Q: 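Can you keep this structure in mind? I'll have questions shortly.
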Amino acid sequence: QQVEPFDYIIFGATGDLTMRKLLPALYNKLRLGQVPADARIIGTARTTLDRDAYIARARDALQHFIPAKFLFPNLLEQFLGMISYVTLDGTSADSNWGELAAELSSSPASRIRVFYFATAPQLYEAICANLHAKEILTPESRVVLEKPIGTSLETADAINEGVGKFLPEKQIYRIDHYLGKETVQNVLALRFANPLLNAIWSAEHIKSVQITAAEVVGVEGRASYYDTSGALRDMIQNHLLQVLCLVAMEQPETLEADCVRNAKLAVLKALRPIKEDQVANETVRAQYTKGAVDDHAVPGYLEELGQDSNTETYAAVRTWVDTPRWKDVPFYIRTAKRSKRKVSEIVIQFRETAQSLFGAVPGNRLVIRVQPNEGVELNLNVKNPILDEYQLETVKLDAPIKVEGGPFPDSYERLLLDAVRGNPILFIRRDEVDAAWVWAESILNAWADKKAPMHSYAAGSYGPDAAKALLAEHGDRWHEDM
Ligand code: BG6
């Protein structure tokens with residue numbers, strides 16, 4: 001289970017992602033015995049800090065983000081002992097590269113190096129250029145690119161071309177943390193390890209699919225970034241399309257990374273393009289206005305931003321996968337900030353049986369709870385036990401997915417070590433990024449040109465009414481209305 005010794009070099013090591021996700025994930029992997037004792041983590045950032053000051057920040061972060069019962073004092077010290085820090089401007093050729101090279105040279109030359117870019121994507125090419133020029137990239141090096149990979153096909157291409165000048169595709173790991181979620185990985189197991197589900201996973205039995213990622217948080221301190229992105233770019237072009245791919249793809253021949261990625265790519269290419277003049281019919285976008293979450297009054301998006309904006313904090317899209325398996329099955333994808341509750345889930349609505357012994361009976365429903373309260377539930381029609389005559393009622397089979405005695409693994413945990421293992425199965429290939437942008441762009445263009453109305457919804461609600469109408473046209477309802 002233990003991976004080979006590695007050096008993890010993090011660019012953006014003082015940032016929120018490193019403190020909140022990357023260091024806790026590596027600590028958890030050490031706790032689980034998967035990180036060898038001589039592995040090293042080298043943080044770099046422009047902030048001038050000495051090692052002690054950086055370690056103090058790392059310690060604070062772990063104390064904050066790891067539950068006390070899993071933060072063992074000896075292990076914490078061991079983990080902190082693996083960390084060093086180099087003050088470095090990754091984009092400047094004159095920066096402290098000598099110190100980074102010296103740090104790395106104390107490891108054997110053949111050691112795996114993972115360069116994790118937790119910085120703005122516009123910097124990736126310049127950092128790679130410097131790593132190359134300073135001869136820090138080795139054949140055993142890989143770079144991990146955080147999202148967003150661009151804001152359009154063109155800008156994504158520029159980033160991919162830029163990084164691709166210095167590394168071949170097989171050394172480039174584009175992270176999508178949704179693929180790291182256990183419950184998302186589980187979609188393949190549920191579909192392909194259960195003949196019961198596999199046999200009915202098609203238009204013949206499935207009426208519609210909905211994929212939701214809703215959050216209670218607003219845009220917090222990120223309003224200025226978020227306003228350049230919006231819900232479609234932030235969540236749908238990447239995370240939710242990836243989930244859709246896993247739900248819709250044909251069975252890959254093997255679990256080899258490129259087999260799975262080919263199967264996902266085929267779905268992305270089969271997504272029916274939404275022409276700009278159809279965008280108003282096929283999508284709903286909205287901004288939250290002031291409201292209340294968890295009994296606290298919160299301001300609206302425009303108030304937080306302090307100016308007018310054409311950026312959506314809610315997006316719902318009706319899309320179709322044009323393959324025989326999914327003929328005429330609508331896929332509804334939605335995401336929201338400041339929703340009533342935090343929920344990421346996949347709802348598979350099976351068709352109702354019009355004629356059975358019992359007349360018309362409701363369709364079964366499978367819900368994959370991605371987070372929180374991870375699990376799978378299935379609605380079944382059974383005979384009501386009180387009545388003598390046959391009358392049906394619906395019961396719910398509920399299988400929680402949990403880890404006995406441990407915290408549920410965070411999405412970054414497996415991903416960080418898969419990069420060390422050299423297994424890109426849960427990372428996005430360049431052609432997937434492109435195909436996802438091709439699909440998303442017509443929506444984004446139509447929205448930019450205000451060809452679809454900007455609806456509003458009160459913070460703390462499930463979203464605008466218009467989103468209900470999107471489903472009602474095909475006789476469907478959002479899960480909370482079922
Ligand atoms: C990130 C988005 O990729 O995913 C954030 O940029 C969002 O805006 C986050 O909050 C949601 O992730 P999760 O794992 O909490 O669903």
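Computed from a prediction, not measured in an experiment: that's the story for all the values here. Throughout, numbering of the chain's residues begins at 1 and tracks the sequence. Start at 1 and go down the list; that is how both ligands and their atoms are numbered. Computed over heavy atoms, backbone and side chain alike; hydrogens, waters and symmetry mates excluded.
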Q: Would you call the rings of Y301 and Y288 parallel, tilted or perpendicular if under 30° counts as parallel and over 60° as perpendicular?
A: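 Judged by the thresholds at 30° and 60°, the geometry between Y301 and Y288 is perpendicular.
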Q: Anything under 30° is parallel, anything over 60° is perpendicular, the rest tilted; go ahead and classify F350 against W201.
A: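 Rings of F350 and W201: perpendicular, over 60°.
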Q: Applying side chain to side chain donor-acceptor pair (under 3.5 Å), name anything that partners Q34, two or more places apart in sequence or on another chain.
A: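 With neighbours one apart ignored, the set is K29.
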Q: For a distance cut-off of 3.5 Å, show me each N or O of ligand 1 paired with any protein N or O, plus the separation.
A:
| residue | atom | partner | partner atom | Å |
| --- | --- | --- | --- | --- |
| ligand 1 | 3 (O) | K147 | NZ | 2.8 |
| ligand 1 | 3 (O) | H239 | NE2 | 2.7 |
| ligand 1 | 6 (O) | K147 | NZ | 3.0 |
| ligand 1 | 6 (O) | R222 | NH2 | 3.1 |
| ligand 1 | 6 (O) | D234 | OD1 | 2.6 |
| ligand 1 | 6 (O) | D234 | OD2 | 3.4 |
| ligand 1 | 8 (O) | R222 | NH1 | 2.9 |
| ligand 1 | 8 (O) | D234 | OD2 | 2.6 |
| ligand 1 | 8 (O) | K337 | NZ | 2.7 |
| ligand 1 | 10 (O) | E215 | OE1 | 3.2 |
| ligand 1 | 10 (O) | E215 | OE2 | 2.5 |
| ligand 1 | 10 (O) | K337 | NZ | 3.1 |
| ligand 1 | 12 (O) | H177 | NE2 | 3.1 |
| ligand 1 | 14 (O) | H177 | NE2 | 2.9 |
| ligand 1 | 14 (O) | K181 | NZ | 2.6 |
| ligand 1 | 15 (O) | K342 | NZ | 2.9 |
| ligand 1 | 16 (O) | Y178 | OH | 2.6 |
| ligand 1 | 16 (O) | Q371 | NE2 | 2.8 |

Q: Look at the aromatic rings of H239 and Y178 and report parallel, tilted or perpendicular, splitting at 30° and 60°.
A: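 Answer is parallel, since the angle falls under 30°.
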Q: Can D234 and K147 be counted as an ion pair, charged N to O under 4.0 angstrom?
A: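 Salt bridge flag = yes for K147 with D234.
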Q: F6 and Y8: ring-ring contact (aromatic ring centres under 6.0 Å, His included), yes or no, with the steps?
A: CA-CA 6 Å; F6 60 80; Y8 236 101; 5.6 Å; yes
